[in-house]
Amino acid sequence: MAQISINIKEGTISKPDIIVGIDLGTTNSLVAIINKAGMPEALCDADKTAIVPSIVHFGKEGAITVGNSARQHLIDDTANTIYSVKRLMGKSYNDIAAIQQHLGYKIIDDNSESLVKIKVGEKFYSPIELSAFILRELKLRAEHVLQQQITKAVITVPAYFNDAQRQATRDAGKLAGLDVLRIINEPTAASLAYGLGNVKNAQTIAVYDLGGGTFDISILQLTPSENDGGYFEVLATNGNTFLGGDDFDRLIVEHWLQTNNIAADTVDKQLMQTLRLKAETAKKHLSTNDIFEDKINDIVCRLSVNEFETLITPLVNETIVCCKNALRDAGLKIGDIDTIVMVGGSTRTPFVKKSMTEFFNKPVNDSLNPDEVVALGAGIQADILAGNQKDMLLLDITPLSLGIETMGGLMDVIIPRNTKIPTGAGRQYTTSVDGQSKLLIAVYQGERDLVSHNRKLAEFTLSNIPGMPAGLPKIEIVFQLNADGILQVKAKELRSGVEQSIEVKPQYGLTEEEMGGMLLESIKNAKTDMEQRAIIEARVEAQNMLDTCERFIVKNAAHLSAKEISGTRELMVALQNTLNSSDKNVIQQHIEALNEFTRPFAERLMDMAISMAMKGKTL
Ligand code: ADP
Ligand code: MG
């Protein structure tokens, strides 16, 4: 469909907006569009290369360079050359303290809860600002190639990115002068690039993405739809955020040091970087040749394909374990996978492809450039959003359960983990104290029964609840999770209409390991968690019972005998004494006893109340 827009005031015709697709990678970034021939195309620079290394260099006179020219400074100006900033997106210092050692630059901790900053010279930059430099470079490239202003983009993120990381990516786009229309998952984008959005039959797709520093395996379900293309759903994700082509390079360097009899701790930083870059050259060479031979000074850099494959076998095996875990989480067997998609520069290594073909027992999709496919898919999604293609709904899942804290510190799940997003869910609550005018709503993420074991995302207070007896207010709490994974929580007291809402943008994010760790903990602790939940529930019930009895006795003293009152009081004290017991049965028995004792006169009074009410009514 062709479109033109006419500026009525100036009488000029402007070109239609082009929305670009961007793969903002840990190692490399790219920008892609749908070209005039209707084909996805990654945009190249004058040297005909599409890949922009995700590296930012801060020069002496404030000159900032991005990409290949910045890459050279990894050797000669380490402290001012920033790479892998994607790892820091949406993270606090606490989140990344453990990885500081892997980075050549300085990460600053001013407050453990706040987002990290990176110190370059005398200035501090946030990961959002640094990513914005990369995005600005991609924007400029697109503007140069297309000869028009670019202001809109679709950006991809890993499927496991949480709210904070997605929001940070969006903010980086904004800072770079881009209106980010959609954040989509990398595996979904890769599947789109392989045309899987237009197939006729339902498909289960495994997307194997081995990049520079990270490995992700995602299992997607594609459901075709008659009218509006198909939709993708992420069934499971797994991986390792510290496994990638860089590790292949590291193993090669270690191999060379060994074969040259050099101790690693005698090698200075600069030589180490030179060796690393040489190792990468060797690795790439070995993707199409059998042997690599070179020298750095008098260090012999020699490697055969066989030696290389032996070196990386443990790493490739590790990716296979992740694949098995993802299949297990999705409840699938290897034979259930219809299509396997290869993504990431490291899948250019023939051994990786071969290992995957063997594992899945099927040929893999590798006809597109693995380092471009995510960007190409983002370009397709951008074109869909521009209205140039039939709309496809892209579904994702939420990786951890979302809920609120209820009485006794228990987690009440509102949106369970693995729910398709966008989604919404709500539940009704009430007050526990007479005349309660405020309710604190604390939002948590995680799988454990006690909120103290989960991650707090936010809290807010619903105030101005009109005074009512405990249990009477009807407080509805609604969770709305949008397509970008941003959560909105609303609380409303239905009788009075008082309401309050917040958007949850967590201050800092979770790493994939932490997320995996949280799930693992929940499985490991399922039994003790359940027991603890039962005890807490019994205690809450006991406390409610005591409160009710107290109110009942005070209110109805005139209609009760002395024996009834003293008997109730005795049982109340007995129940009170069990409150600290860790045996839920003991608490339950005392609740029962109190119940039994009070039932006859509670019923008597109830009958009285009903007959009084009936008298007042004219039937
Ligand atoms: P990311 O998604 O992490 O940004 P990419 O998908 O661009 O990264 O992958 C980068 C990795 O791919 C680097 O480790 C690079 O060395 C590796 N790579 C690129 N080309 C080849 C090749 N021909 N053979 C093997 N590995 C390659
Ligand atoms: Mg990538």
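All of these numbers come straight from a predicted model, not from anything done at the bench. Just so you know, ligand 1 is whichever comes first in the structure, and atom 1 is the first atom listed for that ligand.
Here CG of N317 is found 11.0 Å from CZ of F359. Values are rounded to the nearest 0.5 Å. Between atom CG of residue D383 and atom CD1 of residue I18 there is a gap of 9.5 Å, rounded to the nearest 0.5 Å.
Atom 2 (O) of ligand 1 has G211 CA, 4.1 Å as its closest protein atom, hydrogens excluded (heavy atom only). Closest protein heavy atom to atom 15 (C) of ligand 1: E280 OE2, 3.2 Å. Summary of contacts: the protein heavy atom closest to atom 27 (C) of ligand 1 is G345 O, 3.2 Å. Looking at atom 7 (O) of ligand 1, its nearest protein heavy atom turns out to be N28 ND2, 2.7 Å. From the protein, the heavy atom lying nearest to atom 24 (N) of ligand 1 is S287 OG, 2.7 Å.
Not a single N or O atom of T214, backbone or side chain, sits closer than 3.5 Å to an N or O atom of ligand 1. Polar contact with ligand 1: present for T26 (N/O pair, distance under 3.5 Å).
Residue G344 has at least one heavy-atom neighbour below 4.0 Å for each of these atoms of ligand 1: 6 (O). Interface atoms of ligand 1 facing T27, defined by a heavy-atom separation under 4.0 Å, are 1 (P), 3 (O), 4 (O), 8 (O). For ligand 1, the atoms lying closer than 4.0 Å to a non-hydrogen atom of G245 are 14 (O). Close approach to T349 involves these atoms of ligand 1, each under 4.0 Å from a residue heavy atom: 25 (C). When each atom of ligand 1 is checked for a heavy atom of G25 under 4.0 Å away, the hits are 4 (O).
The backbone and the side chain of S346 each have at least one atom closer than 4.0 Å to an atom of ligand 1 (non-hydrogen atoms only). With a heavy-atom cut-off of 4.0 Å, K284 touches ligand 1 through backbone and side chain alike.
Using cut-offs of 30° and 60° on the angle between ring planes, the pair H57 and H73 is parallel. The aromatic rings of F133 and F58 stand perpendicular to each other, their planes meeting at an angle above 60°, with 30° marking the opposite boundary.
Side-chain contact check for T27 versus D371: every heavy-atom pair is 4.5 Å or farther apart. The closest side-chain heavy-atom distance from R166 to N185 is below 4.5 Å.
The side-chain contact (heavy atoms from CB on, under 4.5 Å) test with F308 singles out one residue from T310, I312, V305, and that residue is I312.
Closest approach of L286 to S304, counting heavy atoms only: CD1-O, 4.0 Å. Across every non-hydrogen atom of P158 and D216, the tightest pair is CB-OD2, 4.3 Å.
Of all the listed residues (E372, K283, K86, R348), K283 holds the heavy atom that lies closest to atom 14 (O) of ligand 1. Looking at G212, A375, P350, S54 and measuring to atom 11 (C) of ligand 1, the nearest heavy atom belongs to G212.
At distances below 3.5 Å, not a single donor-acceptor pair connects side-chain atoms of S191 with backbone N or O atoms of L196.
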